[in-house]
Amino acid sequence: MALYRDNKTVQDEMLYKWKCEQDELKQNLSTKDTFAWQMTSNFCNEEKEREPPSTPNPCQTCDPSSHAQKTVLQYIGGVDISFVKGDDVNACSALVVIALPSLEVVYEDYEMIQLDTPYIPGYLAFREVPFLVEAFDRLKAKAPQFIPQVVLVDGNGILHPKGFGLASHLGVLIDIPTIGVAKNFYATDGLLKDEAYQEKVKQLETGQGFPLFSTENDVLGQAYLPKTDFSKPSKPIYISIGHNISLETAIWVVQLLCQYRVPEPTRQADIRSREVIRKWIKSHNPSQDISMITEN
DNA sequence: GCGACAG
DNA sequence: ATCTTGTCGC
């Protein structure tokens, strides 16, 4: 007799719960600019060699002055979680804040964490977001002066089966504008890696992109081939609205930060959290631990 | 039914 | 996500 429900049932119930939570949180989602900084940032004004978005400008309808008000964009956050290779539990969360126009890291936070949830496509947020929220709690408590004006997230925003990916989910929870930047194409809402898509990618020049339309003709995001400082990226990245920001502004921000294919905030979060992982593995590897040897 | 599928 | 140094080429 079954005194417990089988794993299939447990997972189905979990997915149902997650779906409800996504619907719930999505009510708070905003896809508009809600901030004071403007597209004419200190970055563009002071760095001659780094031009504002170039041809073809994906922001045809965007008047920079409409983003206006008092401040300039200075602090940008990046989050990422790195993993231990043969280990589906231990990982390291990272939150970094970089400053414009230097792109220097001015704040960093790493934490070894224990994942309790599997990765299920469409539900990435439920695996990673609790740890990211905790990182922002620490930032708010310890160094509120570095709270970023916008956060770049490794993963999609509204470019998601339910229109509410990790970037949107995190944005709503921390109430800070977020941008989703995925390194891989997510075929959903009618998006296909079909012939037409392949052809568009093929013809992309660096610094260019094209919009990704849903079946209902909504713009879900932008495929973008970064204009990096060195070699040409092999494949595009996928930019989408996270929360409290327009796609036009999101694209503009990402372009500012693409020194490499992956924009600097998330790139630094990735690189540095991997370094933490390496050290953690070393400290947990018995083979070179003297104390283990002497005690045995 | 089968495969694909952000990180 | 993770594996991985040097190397072929513009």
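Sequence lines set the chain letters: A, B, ... in the order given, protein chains first and strands last, and positions in each chain run from 1. Side chains included, hydrogens not; waters and symmetry mates left out as well; all remaining heavy atoms used.
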| field | Distance in angstrom units between Glu275(A) CD and dT2(C) C1', rounded | value | 16 Å

| task | Looking at every strand, decide which applies to Tyr238(A) at a 4.0 Å heavy-atom threshold: base, sugar-phosphate, or nothing. | result | nothing

| task | Please confirm whether the backbone N or O of Asp33(A) pairs with a side-chain atom of Ser246(A), one donor and one acceptor, at under 3.5 Å? | result | no

| task | Mind checking Gly122(A) for me? I need base, sugar-phosphate or nothing, with any heavy atom below 4.0 Å counting as a touch. | result | base

| request: Scan Ala187(A) against the nucleic acid and name what it touches under 4.0 Å (heavy atoms): base, sugar-phosphate only, or nothing. | output: nothing

| Which part of the nucleic acid does Phe83(A) contact within heavy-atom distance under 4.0 Å: base, sugar-phosphate only, or nothing? | sugar-phosphate

| request: Can you tell me the distance, in whole Å, between the CG atom of Asn184(A) and the C1' atom of dT2(C)? | output: 13 Å

| note | To the nearest angstrom, the NZ-C1' distance between Lys85(A) and dT4(C) comes to 11 Å

| task | Measure the spacing between CG of Leu25(A) and SG of Cys20(A) and express it to the nearest 0.5 Å. | result | 11.5 Å

| message | Heavy atoms only, 4.0 Å cut-off, all strands: where does Phe126(A) land among base, sugar-phosphate and nothing? | response | nothing

| request: Please report, rounded to the nearest Å, how far the C1' atom of dT2(C) is from the CG atom of Asp88(A). | output: 13 Å

| said: Under 4.0 Å, counting only non-hydrogen atoms across every strand here, what does Leu166(A) touch: a base, just sugar-phosphate, or nothing? | reply: base

| Between the main-chain N or O of Val72(A) and the side-chain N or O of Gln149(A), is there a donor-acceptor pair closer than 3.5 Å? | yes

| Output field: ring centroids Phe185(A)/Tyr197(A) closer than 6.0 Å | yes

| message | Tell me the interatomic distance from Ile277(A), atom CD1, to dT2(C), atom C1', rounded to whole angstroms. | response | 11 Å

| task | Answer yes if Phe136(A) and Ile179(A) sit in the same cluster of Ile, Leu, Val, Met, Phe, Trp and Tyr residues linked by side chain heavy atoms under 4.5 Å apart, and no otherwise. | result | yes

| field | Side-chain ion pair, Glu275(A) and Arg272(A), N-O less than 4.0 Å | value | no

| query | 5' to 3' on DNA chain B, which nucleotides open and close the contacts with chain A (atom under 4.0 Å from a heavy atom)? | reply | dC5(B) to dG7(B)

| Are any side-chain N or O atoms of His243(A) and backbone N or O atoms of Ser30(A), one a donor and one an acceptor, separated by less than 3.5 Å? | yes

